Amino acid sequence: MDVIARLRAAGCVFAEDEARLLTDAATTSAELDVLVARRVEGIPLEHLLGWAEFRGARMAVAPGVFVPRRRTEFLAEQAIALTRPGQIVVDLCCGCGAVGASIAAEIDVEVHAADIEPAAVACARRNLPDGHVHQGDLYAALPPSLRGRVDVLVSNVPYVPTDRIAMMPPEARAHEPHSALDGGPDGLDFQRRVAAEAPDWLAPGGHLLVETSVEQSPESLSIFETAGLTARLQRCADREATIVLGRHDRG
Ligand SMILES: C[S@@+](CC[C@H](N)C(=O)[O-])C[C@H]1O[C@@H](n2cnc3c(N)ncnc32)[C@H](O)[C@@H]1O
């Protein structure tokens with residue numbers, strides 16, 4: 001069976017595109033055979049290629065690291081719309097750092113990114129060679145000197161409710177770390193933690209942006225308001241993306 005047919009038989013929707021990318025990535029036919037076999041087993045295409053496309057750029061992504069989603073391009077775009085040159089931007093829960101790298105590629109900013117997983121931090125360092133990448137639990141990873149000075153704080157936190165993880169596609173549930181997906185019983189544990197501490201880190205007039213789901217969005221808004229942020233929702237129907245933006249009005 002040829003590569004396209006093997007991929008199609010395994011249920012790959014974009015079998016032609018995947019076949020072309022895997023063929024380009026392999027240097028020998030034996031290597032291609034291994035790549036196709038691993039893809040047929042369900043390993044994410046991006047983990048096999050070593051990169052994911054995000055807003056037209058290739059972001060390094062390694063096994064064990066969350067693959068940036070197309071819907072998250074909307075979060076990056078909304079952050080870019082709020083960012084001015086020379087500002088301080090933080091990408092918290094950065095994974096491979098795609099959001100922070102995408103902002104830094106368009107605007108000259110001081111960018112910091114942080115994640116708890118060493119594999120994610122290693123990828124983010126590759127994608128943000130001129131940024132500051134930190135490892136640790138949420139804000140504990142950041143230099144204390146950033147307190148009260150962050151202009152744009154963007155955070156695609158884990159937000160899948162724990163009991164929904166079993167319903168996710170096998171690619172995500174079997175090949176992405178649980179810690180990248182699990183947002184606790186209602187999926188909002190990390191949003192609560194990130195929003196509660198955001199006013200300590202944001203500059204006056206600074207913004208917090210997080211991705212959420214349509215169902216979770218009323219509670220996400222209320223979490224932001226409880227934290228003292230002036231909150232609103234933005235939605236992109238094409239990419240099925242919903243984000244909450246919160247402004248820190250108090251100095
Ligand atoms: C949904 S993924 C998003 C990754 C990246 N921002 C993106 O959009 O591709 C969530 C990320 O949060 C990280 N994470 C989970 N718990 C964390 C914690 N306590 N502190 C910092 N990062 C954490 C995971 O390692 C994962 O990379």
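All ligand and atom numbering here is 1-based and tracks the order in the structure. This structure is a prediction, so every number in the text was calculated from the model and none was measured.
Although no hydrogens or angles enter the test, the distance criterion places no donor-acceptor pair under 3.5 Å between the side chain of T72 and the main chain of L75.
In this structure the side chain of H132 reaches within 4.5 angstrom of the side chain of E110, judged on heavy atoms. Between R193 and D137 there is a side-chain heavy-atom pair separated by less than 4.5 Å. Put simply, the side chain of R8 reaches to within 4.5 Å of the side chain of E16, judged on heavy atoms.
Under the 3.5 Å distance criterion, with hydrogens and angles disregarded, no donor-acceptor pair is assigned to the side chains of Q87 and T83. Looking only at atom types and distance, the side chain of Y159 has a donor-acceptor partner in the side chain of E211 under 3.5 Å away.
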Below 3.5 Å only, please: the N or O atoms of ligand 1 paired with protein N or O atoms, distance on each line.
| residue | atom | partner | partner atom | Å |
| --- | --- | --- | --- | --- |
| ligand 1 | 6 (N) | C93 | O | 2.8 |
| ligand 1 | 6 (N) | C94 | O | 3.4 |
| ligand 1 | 8 (O) | N156 | ND2 | 2.8 |
| ligand 1 | 19 (N) | D137 | OD1 | 2.7 |
| ligand 1 | 20 (N) | L138 | N | 2.9 |
| ligand 1 | 22 (N) | I116 | N | 3.3 |
| ligand 1 | 25 (O) | D115 | OD1 | 2.7 |
| ligand 1 | 25 (O) | D115 | OD2 | 3.4 |
| ligand 1 | 27 (O) | D115 | OD2 | 2.7 |

